[in-house]
Enquirer: 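The structure is given below, and queries will be raised subsequently.
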Amino acid sequence: MVSAEPNLVGMRRIGMRKAICLIAAAIVLSGCSSAEDSAKSSAPLTMSREAPAAQGGSVLSAAADTTEPDAPSVKESAPAQVTPADQRAVIYTASLRVRARKVDDAAAQAKQFVLAAEGYVANENSSTDPVTASLVLKIPSERYATVLDQLVKQLGDKLGLEQKAEDVTEQVADVDSRVKSAQSALGRLRTLLSKADTVGEVLNVSGEIDRRQADLESLQARQKSLAQRTTFATVSLSLVGPKAAAEPEKKPAGGFLGGLENGWNAFTSFLSGLAAVAGWLLPFAGLALLLGLPYLALRRRRRATRPAPEPELEEV
């Protein structure tokens, strides 16, 4: 009879060997996974950037990013520079109101001042009753102060003056930079359009070019407006004529004569009011008479043709 003890010992030895093998395999696998993770983390960044381009390969995806991501920003590359005062972009506006003896002559003189300064008249309106004139004058910014001083002192009596100055140097610089960026992006898109291979790529890039072109035109319009407003100052000039001579106030008379005058004025006012009411009612009275005469004639005829009533018999 074979003993069971040696069999048990053999089974225990086999179980221990399996456990040791499993533990060793787990250690090897964990080491491989950690090595793989470290390899992924240490991979250069250029691989992740180049992967989408290798996978996509479309022209529009390459055209979507029109800026240079690795290029340093302006703030990081160079410190901010302060623009000198004589090179700053400033919008000057003024509103001037003047009382002149002769409005036409003052308006002609104001236009002479502006034309002599190489400006122009943007708008002009005038009226004769009352005599007034309004002009919108465009004056070169460097001669704005001189011409405004002439308008204030030589046209007549100044009634009011309002001035405003707005510094838009940063806005001008921002719009100029955006225009250049938009033009550069359009150039790159047109280059990509020439390299497009399929109809879909051509349509996509063409649509992107149209959108960028519309944005560029909007920026250019704003750029032109800023340039115009900073190059020429705007003066809104309003000219009015002299005041009419005021009539002397008439003092009311007192006593009997004053009462008689007041009563007569009241009586004449009453008569004038009564005459006004009669004149207002006269057309209606004529219409009532025109409609009432036929009615009265018809009523008289009915009364004439109506039989006389029989006399009542008295009871005995």
Side-chain angles (χ1 to χ4, degrees), residues 80-183 214-249:
Q81 296 181 358
V82 180
T83 305
D86 56 347
Q87 297 180 5
R88 299 193 68 83
V90 182
I91 298 175
Y92 296 100
T93 56
S95 178
L96 175 62
R97 183 177 174 85
V98 176
R99 185 183 301 282
R101 293 182 179 180
K102 295 183 178 181
V103 174
D104 296 338
D105 295 344
Q109 190 175 9
K111 288 186 281 187
Q112 289 179 359
F113 292 152
V114 174
L115 294 176
E118 298 182 356
Y120 63 95
V121 180
N123 192 10
E124 181 178 3
N125 293 314
S126 60
S127 63
T128 56
D129 189 18
V131 181
T132 59
S134 60
L135 299 92
V136 178
L137 309 174
K138 296 292 185 177
I139 306 167
S141 298
E142 62 273 9
R143 302 179 184 178
Y144 160 72
T146 303
V147 177
L148 183 62
D149 186 65
Q150 292 175 340
L151 296 174
V152 170
K153 294 181 179 179
Q154 301 187 30
L155 296 183
D157 298 331
K158 182 184 71 174
L159 300 180
L161 175 62
E162 295 181 2
Q163 298 187 69
K164 183 180 178 181
E166 182 182 1
D167 191 344
V168 292
T169 306
E170 286 75 12
Q171 296 183 28
V172 171
D174 178 66
V175 172
D176 292 344
S177 176
R178 293 172 65 184
V179 166
K180 292 179 180 178
S181 299
Q183 291 174 341
D215 295 342
L216 176 61
E217 291 175 357
S218 176
L219 288 172
Q220 287 175 338
R222 185 179 177 189
Q223 185 184 42
K224 184 178 180 181
S225 175
L226 285 172
Q228 177 70 14
R229 294 167 63 191
T230 55
T231 304
F232 290 92
T234 303
V235 177
S236 299
L237 175 62
S238 177
L239 298 170
V240 296
K243 290 183 178 179
E247 296 182 358
E249 296 183 359

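Computed from heavy atoms alone, side chains included, the values below leave out hydrogens, waters and symmetry copies.
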Enquirer: Of all heavy-atom pairs between Ala117 and Pro140, which one has the smallest distance, and what is that distance?
Expert: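 For Ala117 versus Pro140, the nearest heavy atoms are O-CG, 3.2 Å.
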
Enquirer: Please work out which of the three classes, parallel, tilted or perpendicular, describes the rings of Tyr92 and Tyr144, given edges at 30° and 60°.
Expert: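 Tyr144 vs Tyr92 ring planes: parallel.
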
Enquirer: Using a strict 4.0 Å threshold on nitrogen-to-oxygen distance, state whether Arg178 and Asp174 make a salt bridge.
Expert: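 Yes, charged N to carboxylate O under 4.0 Å.
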
Enquirer: When rounded to the nearest 0.5 angstrom, what distance separates CG in Asp215 from CD in Gln220?
Expert: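 Reported value, rounded in 0.5 Å steps: 11.0 Å.
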
Enquirer: With a 4.5 Å heavy-atom cut-off, do Asp157 and Val98 have their side chains touching?
Expert: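 Heavy-atom side-chain distance check fails, nothing below 4.5 Å.
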
Enquirer: Enter the distance from Lys224:NZ to Leu219:CG here, rounded to the nearest 0.5 Å.
Expert: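 These two atoms lie 15.0 Å from each other.
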
Enquirer: Heavy-atom distance under 4.5 Å between the side chains of Leu151 and Leu137, does that happen here?
Expert: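 The answer is yes, as the side chains (C-beta and beyond) meet within the 4.5 Å cut-off.
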
Enquirer: Can you tell me how far CD of Gln154 sits from CD of Gln112, rounded to the nearest 0.5 angstrom?
Expert: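 Separation between the atoms: 10.5 Å.
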
Enquirer: Evaluate Gln109 against Gln150 for side chain to side chain contact (heavy atoms under 4.5 Å, CB included), listing each step before the verdict.
Expert: CA-CA 10 Å; Gln109 190 175 9; Gln150 292 175 340; over 6 Å; no

Enquirer: Nearest 0.5 angstrom please: Phe232 CZ to Ile139 CD1, how far?
Expert: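 That separation rounds to 10.5 Å.
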
Enquirer: Please table the atom pairs, donor to acceptor, closer than 3.5 Å between any side-chain atom in residues 124-136 and protein atoms at least two apart or in another chain.
Expert:
unit_1	atom_1	unit_2	atom_2	d
Glu124	OE1	Lys111	NZ	3.4
Glu124	OE2	Lys111	NZ	3.3
Ser127	OG	Pro130	O	2.9
Ser127	OG	Thr132	OG1	2.6

Enquirer: Side chain to side chain contact (heavy atoms under 4.5 Å, CB included) for Val168 and Thr230? Distances and angles first, verdict last.
Expert: CA-CA 8 Å; Val168 292; Thr230 55; 3.6 Å; yes

Enquirer: Which distance, rounded to the nearest 0.5 Å, do you find between the NZ of Lys158 and the CG of Leu96?
Expert: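 It is 8.0 Å, given to the nearest 0.5 Å.
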
Enquirer: Which donor-acceptor pairs under 3.5 Å do the side chains of residues 234-242 make with protein atoms, sequence neighbours left out?
Expert:
unit_1	atom_1	unit_2	atom_2	d
Thr234	OG1	Lys138	NZ	2.7

Enquirer: Mind checking the CD-OG1 spacing from Glu166 to Thr169? Nearest 0.5 Å is all I need.
Expert: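 Taking CD in Glu166 and OG1 in Thr169, the distance rounds to 10.5 Å.
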
Enquirer: Tell me the closest heavy-atom pair linking Ala106 and Ala100, and the distance in Å.
Expert: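 Taking Ala106 first and Ala100 second, the nearest heavy atoms are CB-CB, 3.6 Å.
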
Enquirer: With distance as the sole test, does Ser181 use its side chain to make a donor-acceptor pair with the main-chain N or O of Ser177 at under 3.5 Å?
Expert: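 Pair found, side chain donor or acceptor close to backbone of Ser177.
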
Enquirer: Taking atom CZ of Arg99 as the centre, does the number of heavy atoms from other residues, nucleotides or ligands within less than 6.0 Å exceed 12?
Expert: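 Yes - once you tally the heavy atoms of other residues, nucleotides and ligands closer than 6.0 Å, there are more than 12.
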
Enquirer: Taking all non-hydrogen atoms of both residues into account, name the closest pair between Leu155 and Phe113 and its distance.
Expert: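 It is CD2-CE1, 4.3 Å.
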
